[in-house]
Amino acid sequence: MSRVVYQGENMSFLVLGRAHVGMQEHTPDVPHILISVTDPYDGEERLGCGPASLFPSDKRLDVLRLEFFDLDESFGNLEMMTENQAEQILTFVNKWKEQVGLIVVNCEMGVARSSAVAAALSRWINGEDFFFYKEFCPNSWVYSKVLKAIYGDPWAQYKNE
């Protein structure tokens, strides 16, 4: 299965699932960074599968690994994306965005969390995110958390009134 690289005006994005980031044919041959999102792993309860295995690449300059479930509303004690994790994404991308032209984002299936991260980053860097909503199903919670990390809380001024 071939994956499409979104060619943005200022940054390109590749959204992949866990299986794809471990395959040579889905490993970009250009300088890139990778944001890898997986389900939280608990060795005893086996809730997740642990970190995704990555195909080795000297073109991959850095990897940010995060763990949270694909949720857009609270469900029991399952971990949703936190503001801290969204801030980690922003810090990571700010560190590398002038040195790479491609950001690879993976999650378990390559459908919701990874596309939400890519969509929010593309909204910020390229000024648009339509491709990700056309091709994927971005997680609304993840998308909003990343945008909040980038732009701040638009409702903050009203919270203390």
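FYI, side chains are in, hydrogens and waters are out, and symmetry mates aren't considered; it's all heavy atoms of this structure.
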How far does [atom1] of [X] sit from [atom2] of [Y], to the nearest 0.5 angstrom?
X	Y	atom1	atom2	value
Cys107	Phe68	SG	CZ	8.5 Å
Arg60	Leu102	CZ	CG	11.0 Å
Tyr151	Ser144	OH	OG	13.5 Å
Met81	Glu67	CE	CD	13.0 Å
Thr27	His20	OG1	NE2	11.0 Å

Exercise for the section: Let me see the working for Asn106 and Ser36 under side-chain hydrogen bond (donor to acceptor under 3.5 Å, both in side chains), right down to the final yes or no. Expected result: CA-CA 5 Å; Asn106 92 274; Ser36 181; 2.7 Å; yes
Handout entry: Side-chain ion pair, Asp39 and Arg113, N-O less than 4.0 Å
Key =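 Salt bridge: yes.
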Report yes if the side chains of [X] and [Y] come closer than 4.5 Å at any heavy-atom pair, otherwise no.
X	Y	result
Ser57	Gln24	no
Tyr143	Arg123	yes
Leu121	Ile35	yes
Leu34	Leu54	yes
Phe132	Phe13	yes
Leu78	Met80	no
Val4	Phe131	yes
Ile33	Val104	no

Handout entry: Residue pair Phe92, Lys95: steps toward the side-chain contact (heavy atoms from CB on, under 4.5 Å) verdict
Key = CA-CA 5 Å; Phe92 182 73; Lys95 175 182 174 183; 5.5 Å; no
Practice task
Would you sort out whether Leu16 and Val105 count as a side-chain contact (heavy atoms from CB on, under 4.5 Å), showing the intermediate values?
Solution key: CA-CA 6 Å; Leu16 299 172; Val105 189; over 6 Å; no
Practice task
Start with the C-alpha gap between Asp72 and Asn139, add the side-chain angles, then the distance that decides, and say whether side-chain hydrogen bond (donor to acceptor under 3.5 Å, both in side chains) holds.
Solution key: CA-CA 6 Å; Asp72 57 10; Asn139 177 301; 5.3 Å; no
Practice task
Might you work through the side-chain contact (heavy atoms from CB on, under 4.5 Å) test for Thr38 and Glu108, ending with a clear yes or no?
Solution key: CA-CA 6 Å; Thr38 54; Glu108 298 294 347; 3.2 Å; yes
Which atom pair, heavy atoms only, marks the closest approach of [X] to [Y]?
X	Y	answer
Glu79	Leu71	O-CD1, 4.5 Å
Asn94	Trp124	OD1-CH2, 3.3 Å
Ser115	Pro138	OG-CA, 3.3 Å
Leu14	Pro28	CD2-CG, 4.0 Å
Leu147	Ala120	CD2-O, 3.8 Å
Ala112	Asp70	CB-OD2, 3.3 Å

Handout entry: Residues that Thr82 engages under side-chain contact (heavy atoms from CB on, under 4.5 Å), provided they are two or more places apart
Key =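 For Thr82 the side-chain contact (heavy atoms from CB on, under 4.5 Å) partners, ignoring immediate neighbours, are Asn84, Gln85.
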Examine [X] and [Y] and state if one hydrophobic cluster contains both, with Ile, Leu, Val, Met, Phe, Trp and Tyr joined whenever side-chain heavy atoms are less than 4.5 Å apart.
X	Y	answer
Val142	Leu90	yes
Val15	Phe55	no
Ile150	Leu64	yes

Exercise for the section: Might you confirm whether atom CE of Met109 has over 12 heavy atoms from other residues, nucleotides or ligands at distances under 6.0 Å? Expected result: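 At most 12 heavy atoms, drawn from other residues, nucleotides or ligands, come within 6.0 Å of this atom.
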Handout entry: Phe130 atom CZ: more than 12 heavy-atom contacts under 6.0 Å
Key = no
Side-chain donor/acceptor pairs under 3.5 Å, residues 5-12, sequence neighbours excluded:
{"unit_1": "Tyr6", "atom_1": "OH", "unit_2": "Glu128", "atom_2": "OE2", "d": "2.1"}
{"unit_1": "Gln7", "atom_1": "OE1", "unit_2": "Ser12", "atom_2": "OG", "d": "3.1"}
{"unit_1": "Asn10", "atom_1": "ND2", "unit_2": "Ile125", "atom_2": "O", "d": "2.8"}

Handout entry: Polar side-chain atom of Thr91 near backbone of Glu87 as donor-acceptor pair, under 3.5 Å
Key =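 Side chain of Thr91 to backbone of Glu87, a donor-acceptor pair under 3.5 Å: yes, one is there.
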Exercise for the section: Mark yes or no for whether Arg18, through its side chain, and Ser53, through its backbone, hold a donor-acceptor pair below 3.5 Å. Expected result: no
